[in-house]
Amino acid sequence: MSALDDFRAEARAWLEANCPASMRTPPSSDDEDTWGGRRATFFSDDARLWFERMRDRGWTAPTWPRAYGGGGLSEAEGRVLEEELRRLGCRMALKSFGIWMLGPVLLEAGTEEQKREHLTGIARGELRWCQGYSEPGAGSDLASLGMRAVREGDHYVVSGQKIWTSHADKADWMFCLVRTDPSVPKRDGISFLLVDMASPGISVRPIRLISGNSPFCETFFDGVRVPARNLVGREGGGWAIATSLLKHERAMIARIRDARAEAEEALESIAKRVLGEARGEVADRVVRAELAQLGIDVLANKLALRRAAEEVAAGRPAGAESSMFKYCGTELGKRRREMRVRLLGLSGLGWEGEGFTPAELSATRDWLRSRASSIEGGSSEIQLNILAKRVLGLPA
Amino acid sequence: MSALDDFRAEARAWLEANCPASMRTPPSSDDEDTWGGRRATFFSDDARLWFERMRDRGWTAPTWPRAYGGGGLSEAEGRVLEEELRRLGCRMALKSFGIWMLGPVLLEAGTEEQKREHLTGIARGELRWCQGYSEPGAGSDLASLGMRAVREGDHYVVSGQKIWTSHADKADWMFCLVRTDPSVPKRDGISFLLVDMASPGISVRPIRLISGNSPFCETFFDGVRVPARNLVGREGGGWAIATSLLKHERAMIARIRDARAEAEEALESIAKRVLGEARGEVADRVVRAELAQLGIDVLANKLALRRAAEEVAAGRPAGAESSMFKYCGTELGKRRREMRVRLLGLSGLGWEGEGFTPAELSATRDWLRSRASSIEGGSSEIQLNILAKRVLGLPA
Amino acid sequence: MSFVLTEEQRAIAKAASDLVARRAPVAHLRALRDSRDPVGFSREVWREMASVGFAGIGIPEAHGGSGLGLTELGLVLEACGRALAPTPLVSTVLLGAPLVLAAGDEALRARELPLVASGERVIALAHEEGPHHAPTRVTTRAEPHAGGFRLTGEKSFVLDGHVADAFVVVARVAGEADDPRGLALFFVEASAPGVHATRLHLVDSRNAARVRFDGVTAAATLGVPGEAFALLDRVLDGARAGLAAEMLGGADEVFARTLAYLKERQQFGVAIGSFQALQHRAADLYCDLELTRSVVLEALRAIDRGDPEAARLVSAAKARAGTTFSRATAEAVQMHGGVGVTDELDIGFFVKRARVADVTFGDSAFHRDRFARLSGF
Amino acid sequence: MSFVLTEEQRAIAKAASDLVARRAPVAHLRALRDSRDPVGFSREVWREMASVGFAGIGIPEAHGGSGLGLTELGLVLEACGRALAPTPLVSTVLLGAPLVLAAGDEALRARELPLVASGERVIALAHEEGPHHAPTRVTTRAEPHAGGFRLTGEKSFVLDGHVADAFVVVARVAGEADDPRGLALFFVEASAPGVHATRLHLVDSRNAARVRFDGVTAAATLGVPGEAFALLDRVLDGARAGLAAEMLGGADEVFARTLAYLKERQQFGVAIGSFQALQHRAADLYCDLELTRSVVLEALRAIDRGDPEAARLVSAAKARAGTTFSRATAEAVQMHGGVGVTDELDIGFFVKRARVADVTFGDSAFHRDRFARLSGF
């Protein structure tokens, strides 16, 4: 028995013993998630218990060094833990942009002081982070962002606006891109800055989407003073950090959506229920053929993800394929949500109130919400551009 | 009763009396067409008779002046004649690039001498013309053509190569685009020239397509001497003539394909025959739904063509919509041909020889041939570019 | 030259679009939604539309209408579609009134139709019972009672059902669900005992309700009981074609807004409309719209001229309107990017309307099937 | 880590692609076609492939084979697919030999399999009777005769039928057409009296024939008469997955050629691959190919490991291979423009092969339907 097998057995036993039963079912809405932070709330006592147990074992950030609140696991052990969590159907004990996105950046590019100041709080869910990238004039063309940070002594003074900041209204800190030098080519004048959301001059306004309320916010900065030690990397070196971080974001978007989908009634069973069955098959043959095509494509996408993971594990360098999975995953998600409301017919048209079940109302909202998935985190068009140039080598 | 009604009655009576019965059925292959020319051949005695009667009445070119061999009809009378020909299902008595494409150009931009020299021969089917536009290096980017014509005294000396010249091996004359001035911007150095194919230095090689033999040829020019009086318009003024002529070509491509389609067994009846019927309906519901979608789209395209024609007749200027019909018509044609071979299954895989009916073999060849339709006469991509810029006004 | 508008038709189209632009732009629907307006449309705007004759199109002059056809009504609906203006045009002018006109007795027509034409009366059709359009799937029973009929059953999707003054109810006097024979039409006052309407809050913020009939006594029987299906399907075809015209207007408008955005929005130092990938998608969508426009216009005209092909054209039109409108809104969202999914921009209203309109009176799949059947395959 | 190739698998893939590049590039198929070669493939090339072990993959070492699995055979098929190399791999190695191996008696196996492994023998499956793949639609009758069986019927599409040395024939001992029960497998020598094969000239220039059996005496019965369907379908699944691997190779190659052309062809002063509309289409097609590759590889592996999900994966793979290959060739033609439709360029060969391969062993529609059934809906 190898050391890894030992670890697997140990992890499995611990999870079996420590993950509450209610935390082994998929969440039925975003409200059930645990995000931590100064103003942390928990959907249930089980959610709190699960979070605390995982936090205390360092498994909220399993592969981070123990010194920074992590679990100190090797990459291989981390994968084993993920497999065991998936096997048991465990919910994420802590959702965190800090762990998924900022942490890896700080570990790579942060000073020792920055690591000590921030990582433990992130791993332990004490501080909640948000990401300040997009601006109204800089969507797909992220590098044209304009929020200014002017150095004054040992501070930067930041003014401007961010948009699409997820959970900015609930976050304690923000990592963001700012323009420190407008006189150089646009990618060279960008810096990566950490900002305490409690600083004077910051105001936040939630954004309402076509699907209703959303975690997104607009964030306004008016002469906000940020200590210069909160600059990550060198001044003007923010773009490289930003692009490396975007890869983590793409992977994350795919992962989170998948978990939600598991809680939904299968399309095939909706079809049988609403359109009727004939000899155990969906009675409407045209719909059935569409469901089959969708099922085949979802299966192929899942296998492609597994193949890529196996190849990376076997030592092949990970490439721009994250763009493929971002693109395919979100387009498939949109198809699935569209199919669901189509199957439901009149029952898939509800917005609120009487006459519709909660699942039907979710179907409508999810369908609308899915429309944003191929825009946020780099639109489908941006992903296709990346694939054309970086993977296929087509000329600019 | 208006004069136009009189004309309609008269035309109908004449056609009833003069169009042989066998000329009132759609042709089952391109071999049955009449193209005229010095080496004219006729598929049948009826085909010759029908051609001679129409020619003698001037109705091979109905709206051209009588002085040039035409029928002298007004535009309105011309439309009535077309309607009556369609009503009776008459075949085209004479197919001719001279009538469809060169004639209108000469009537507009030719000198009196050029008109007298060429139009009557065209209208009477005595000379057969071909079109020399594309070159191997100038496909979608037609204006980059390079075939040189150098003025020497009262002649041009032409050297270079044309490609995709339909029926060049059977034509008596060619109208073509040549580069008379390589030193100016590319569109300004192009001229429109008429060339006798019997001139020394011209050689022709037929092109084999993926669908088998084709009317297309490569044509090579090696120091061919062309009298300067065969220049149409001014030297360097060829591009404007070329683009106006391309519109005629797009309309023509749509018209010719439609006539052929009428002779084919309807897709719905193939589907019933091959896949079976249930209660009078195509048994395979998935195929049936696809056929319905195709049928709806074909119907919509037909109605759009009719609407455009009515609007033009009502005085609205004809615009870049010919690009829409070129694009939609050829894409629909491809879908129809693809559907036909799909319905036929194994019977739609035949190339030649035993084991397949002539209709089945045609299905295969037509399917392959249809692939070229969205490339020739300006590719689908070029049509979409034209629509985006000229109709939608999107920036370059 | 049926595709070319006459002078009169052009005047109607202009009047409709002027009125809608002034009184019922998209902001009007937004305000009704945000204020949770109990009626769901503006009675005042509707009366103004009626005053210029829009509510009376299709109603003979003798009954206070203009006697015009569906082609003209299509122009008004297209204008409303551009602004997503909520009105009882579909429930009352396309459905309730034509049924009363075709099958009501003279007294009923003389009483109801002038009120419709003046915008005072909403007459809804209570028909649909399941989650998908199925014209013959009716289980609501009509039982003979005191020389008339008593109705019992529940209707799942009645346009303007919670504000209707009266209903035309489809009920069964014989046969099983799905049998086209045995259907009958009844006129029922909304105030009749046993009528229970529950408003549905739909994604497009337009009016619909679930309506239960608990042993309701019908005020009148329309036509011959048991033989209503042919008339019902014919009137439904008018509504389908009219709705397709509304959808065409919506698709056209959302495409126009997208084009404007493509020309205006700058990214990477240029207007995003200069990117060829977007240009080709926009051009292809333009073709899609033009084809749909042609078949919608022809369907309306075919009904007006009593063409036997009308039903087939209507199904072609409704099927294409469904897919084109939905596709136009999907491209609008994607090309607008982030702002396209915010509630602040109007694009979402079009997305939502496209979905509901597709489902109403049979979605694209329903009409593809019907087109095939009517085409003999 | 089943998706990652082992050392040995990489060696096989390399050997296959080297051999194919050297002996059977697309020009080889073109030459066979233009010379109207009566065999339709090169026996010499086939013997060379056999000599390095490709004809014996799947045949136990005891019978002269290598005992490797479908995963390895898939690598060889993919290499052949890239060059459209015509070989008896599908007819004989994927169908004839596995049936003999699974259901023949020891004498038959000992005689036939070594000959197959050495490239000396072509054993074709005579199965299909109609214009569409329908595994149970068999009307060819097998009647008891002199202690064996006599076969009568006509097969519409027998791969390598006109050059086969022997056939495995599917015939019916009981039941009506479409009944999965009642099917039986027989071994028939091509030289047996009453066997009439007519070569079909297919669009892809590959081998197929119509074969008539006029009271032919079967040389052997394979397995239990009447209960052949399960075995037949299992072996067909191997052939479907193997063919999907060949199609994947073809799609990959035609896409690679298109990419190269996009980078090289100049129009309007730039490489046409710089046009964004073409870039997006190419990138989307790349994703399509990657997804198809993943499901094809997994289907092969699932069969090798005896996974109960194998049939479902095979149908997913064959369905996707059909649409992806066809789409890759359609884009190849369109992006190559005029030269793409000339016979001079090789693109047309891929277009044609994509069509035939899609139809063979069930087209995409067939496998979507089968996927749904196997998935329980």
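Chain identifiers are assigned alphabetically (A, B, ...) following the order of the sequence lines, protein sequences preceding nucleic acid strands; residue numbering begins at 1 within each chain.
Using a distance-only test at 3.5 Å, with no hydrogens or angles considered, a donor-acceptor pair links the side chain of C/K318 to the main chain of C/D358. A donor-acceptor contact shorter than 3.5 Å links the side chain of C/Q267 to the backbone of A/G139.
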Worked check of side chain to side chain contact (heavy atoms under 4.5 Å, CB included) between C/R240 and C/L243: CA-CA 5 Å; C/R240 289 160 177 152; C/L243 182 57; 5.8 Å; no
Working for side chain to side chain donor-acceptor pair (under 3.5 Å), residues A/Q293 and A/D297: CA-CA 6 Å; A/Q293 185 62 60; A/D297 293 346; 3.0 Å; yes
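Between A/D284 and A/R288 there is no salt bridge, since no side-chain nitrogen of the basic residue lies less than 4.0 Å from a carboxylate oxygen of the acidic one.
There is a side-chain donor-acceptor pair under 3.5 Å between C/E129 and C/T139. Using modelled atom types and a 3.5 Å distance limit, the side chains of C/S315 and C/R370 yield a donor-acceptor pair. Between C/T323 and C/S364, the side chains place no donor N or O within less than 3.5 Å of an acceptor N or O (distance only, hydrogens not considered).
Among C/K352, C/H336, C/Q266, C/E128, the residue with the largest count of heavy-atom pairs under 4.5 Å with chain A is C/K352. Each of A/V341, A/V286, A/I207 has some count of heavy-atom pairs under 4.5 Å with chain C, and the biggest count is that of A/V341. Residue with the most contacts toward chain C among A/E354, A/K186, A/R208: A/R208 (heavy-atom pairs, distance under 4.5 Å).
Contacts between C/R281 and chain A at a heavy-atom distance below 4.5 Å involve the side chain alone, from C-beta outward. Using a 4.5 Å cut-off between heavy atoms, C/S326 contacts chain A through its side chain alone, with no backbone atom that close. Proximity to chain A (any heavy atom under 4.5 Å) is restricted, for C/S156, to the side chain, taken from C-beta onward. Of the atoms belonging to C/L345, not a single heavy atom falls under 4.5 Å from chain A. Using a 4.5 Å cut-off between heavy atoms, A/S140 contacts chain C through both its backbone and its side chain. For a residue to count as touching a neighbouring chain, one of its non-hydrogen atoms must lie under 4.5 Å from one of that chain's; by this rule C/R368 does not touch chain A. Of the two parts of A/I382, only the side chain, counted from C-beta on, holds a non-hydrogen atom closer than 4.5 Å to a non-hydrogen atom of chain C. Residue C/R210 touches chain A through its side chain alone, counting heavy-atom pairs closer than 4.5 Å. Heavy atoms of C/A209 lying under 4.5 Å from chain A are absent altogether.
Just one residue in the list A/S374, A/S370, A/S373 forms a side-chain hydrogen bond (donor to acceptor under 3.5 Å, both in side chains) with A/K334, and that residue is A/S374.
Within residues 209-216 of chain A, the residues having any heavy atom under 4.5 Å from a heavy atom of chain C are, by residue number, A/L209, A/I210.
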